[in-house]
Amino acid sequence: MSDWNCKLVCTGCGAEYDASKAAVRCEKCGETLEVPFDGRGEIRKEEPFGGTLFERYREFFPYFEKNDALNMGEGFTPLLFMPRLAEETGAGEILIKNESVNPTWSFKDRGSAAGIRRALQLGYRKVGTLSTGNMAISMAAFANRAGLKAFILVNDHIDEEKLNPIAVYDPCLIKVEGDYAKLYDESLSIGERHGIYFVNSDEPFRIEGYRTLSFEVCEQLNFEVPDFVVVPTSAGGHFRGILKGFLDFKKAGLISKIPVMVCAQAVGCATINNAYGKGLDKIERTQNPDTIAHSIENAFPPSGNAVLRCLKEYGGKTVSVTDEELLEAQRTLCRNGLFVQPGSAASYAAVRKMGQQGMLKGNERIVCVTTSTGLKYTSILSRHKLVCHNTKLEELDDFIAGL
Ligand SMILES: *Cc1c(COP(=O)(O)O)cnc(C)c1O
Ligand SMILES: [Zn+2]
């Protein structure tokens, strides 16, 4: 077992915990914990960009033992210049950080890779998560890679299309009937009783893994920090991790400012954005969430209050978009070569809305994170007008001439 080279600190009340114990939430105030960064870290320039993520950024993961056998090629995703999108929205420059190209096709892999390392170093043989799709696939895959048994809890109205791509990894997959928000608390106590380390949306080392997206963006932009980073947000872990990545790089002296973080949510489940708009300190549970974007549909996000604190402290923005706007953004991204799922398109949809609301000046550089691929959710394509022509071989020439 490791001698953990870090502590865990409560994001709510600042209480400190010994990292050799598996803790995720504060015993005093119930808020989510995080790993404090001591401000010392450099990038190992000799490691090629595209080597292993945890080697390149190892000084920012001082608590992890070297273990390249766990690498699945997570991270090092492209940052794409999108001039036509900039023109369409009136932004100075738009770049897309395309997380669809991770090993299980979503950013969740960055966090799962880190969470699995945490579980292994704590001595666990079983890991778990609860998820509506992407995190389940990611944890099942990374657990297999590490030789651990995965326990995956999903809610009982998950559609078949999403179930089988989890089941194919052969985890212990359980559909649970009942309140999804209560399942979060239940999973932590079940984990304690049955020796399963749950790497849920806000597990502190999952958040640590998410920081690598920001590390890469800084490097890809030659350490010129973008003005805005727009993140499709549900449970809030990804948003926190990306922000922490910039903050830790700033502490280490590698960058001189942090971007304005934009929390992009669906109007039908804008739990965090609504609370921020009302000036609340605590999120209020969304009654009857309703959006096509199930990957960003958390009615009671575990990191909701923590994200509210981040938005306030660092001057973030919130933008909520309708299902129609998500579908429109999905189409637009396809027209530019990228097929992402509706929840993932929330970042670009939010930028378009910022343009419509006069929030853009035309000189800003914006990074939109697209979180996962469209191929995982093809049933939604019935909402688009998709065209396929028919003709006979003998008539093909005339048909094309007549188009
Ligand atoms: C998980 C997920 C999100 C939201 O991330 P959180 O950490 O829950 O806020 C956004 N988009 C996709 C595609 C996801 O799978
Ligand atoms: Zn606390």
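Ligands are counted one by one from 1 in listed order, and the atoms in each one are counted from 1 as well.
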Can you see whether Arg110 engages Thr77 through a side-chain donor-acceptor pair at a distance of less than 3.5 angstrom? yes
Answer yes if the side chains of Gln341 and His294 hold a donor-acceptor pair under 3.5 Å, and no otherwise. no
When only distance counts, is Ser372 in polar contact with ligand 1, meaning an N/O pair under 3.5 Å? no
Should you measure from each heavy atom of Pro232, which atoms of ligand 1 turn up under 4.0 Å away? 4 (C), 10 (C)
How far is atom 12 (C) of ligand 1 from its nearest protein heavy atom, and which residue and atom is that? Thr371 OG1, 3.3 Å
Looking only at protein heavy atoms, what sits closest to atom 8 (O) of ligand 1 is Ala235 N, 2.9 Å
Any side-chain heavy-atom pair of Lys257 and Asp227 under 4.5 Å: yes
Under 3.5 Å between some N or O of ligand 1 and some N or O of His238? yes
Nearest protein heavy atom with distance in Å, relative to atom 2 (C) of ligand 1: Lys108 NZ, 2.5 Å
Give a yes/no verdict on whether any heavy atom in Gly236 is under 4.0 Å from an atom of ligand 1. yes
The residue among Glu203, Lys126, Glu192, Arg125 that forms side chain to side chain donor-acceptor pair (under 3.5 Å) with Tyr197 is Glu203
Examine Ser344 against ligand 1 and note whether any of their N/O atoms are separated by less than 3.5 Å. no
Is Ser106 near ligand 1, meaning one of its heavy atoms is under 4.0 Å from it? no
Does the separation of the ring centres of Phe205 and Tyr63 fall below 6.0 angstrom? yes
Atom 10 (C) of ligand 1: closest protein heavy atom, distance to 0.1 Å, is Ile296 CG2, 3.4 Å
What is the closest protein heavy atom to atom 5 (O) of ligand 1, and at what distance does it sit? Phe107 CZ, 3.4 Å
Report the angle formed at the Zn ion (ligand 2) by atom SG of Cys26 and atom SG of Cys29, rounding to the nearest 10°. 120°
For Glu87, I'd like to know if atom CD has over 12 heavy atoms of other residues, nucleotides or ligands within 6.0 Å. no
Does the ring pair (Phe, Tyr, Trp, His ring centres under 6.0 Å) test come out yes or no for Phe300 and Tyr184, once each step is laid out? CA-CA 10 Å; Phe300 197 63; Tyr184 172 90; 9.4 Å; no
Lys162 NZ/CZ over Tyr377 ring centroid, <6.0 Å and within 45° of normal: yes
Pi-cation contact, Phe61 with Arg211 (under 6.0 Å, within 45°): yes
Below 4.0 Å, non-hydrogen atoms only: which portion of Phe239 touches ligand 1? Side chain, backbone, both or neither. neither
